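Reviewing the structure listed below.
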Amino acid sequence: MENNKYCTKCGTKIEEGSMYCYNCGSSLKENTQQNTPQDNNQITNNDKEGDKLGLISLVLYFAGSGILSVLVSMFPPETRNYFSSLIGICPLASIIVMIIGRIKYPKNKLLKIAMWTIIICTLLGIIAFIVIIVLLYLACSSMIPEGGC
Ligand SMILES: [Zn+2]
């Protein structure tokens, strides 16, 4: 820990625990403003970290399965089954990354975009799935009017 603080007004070194600069008398509270650039850096870093998580989440959601499929095809056949199971985990991992990101960096825009994109795409996926099931059911029941499938 560095305790070397300097007065923002006159640059005099301020001793630990003192409330005022002994040279010019400016209050130490003003010295807390020295932390503002650091805080800004922190916010920028958080934004970058949040952006990273948002990107990872989106890439995992949309491209993860595709990338893994290509990778899996390069592995020897005996290990393919093991890696194939990972493909299905991609969207789930993406959602987990997004949720972690949202908790850590609630104000990050990219994570918000990732969240809504994932929610909308998942809902559309579920709706498409239901529509296909219903269409299959209708097609099936129309082909075999008596007895069903
Ligand atoms: Zn001073």
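Counting starts at 1 for both ligands and their atoms, in listed order. Note that this is a predicted model, so its numbers are computed, not measured.
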remark   = Applying side-chain contact (heavy atoms from CB on, under 4.5 Å) to Asn108 and not counting sequence neighbours gives Asp47, Asp51, Tyr105, Leu110, Leu111
ask   = Would Leu58 and Val97 show up in the same hydrophobic cluster when neighbours are defined by side-chain heavy atoms closer than 4.5 Å?
value = no
key: Evaluation steps, side chain to side chain donor-acceptor pair (under 3.5 Å), between Thr122 and Tyr61   = CA-CA 10 Å; Thr122 306; Tyr61 192 82; 2.8 Å; yes
remark   = One checks the Zn ion (ligand 1) and counts protein N, O or S atoms under 2.8 Å, reaching 4
request  = Go through the structure and list residues passing side-chain contact (heavy atoms from CB on, under 4.5 Å) with Val70, not counting sequence neighbours.
outcome  = none
message = Can you give me the closest heavy-atom contact between Gly54 and Ala114, atom names plus distance?
response = O-CB, 4.0 Å
Check residues 126-135 and write down every donor-acceptor pair under 3.5 Å in which the side-chain atom is one partner and the other belongs to a residue at least two apart or another chain.
none

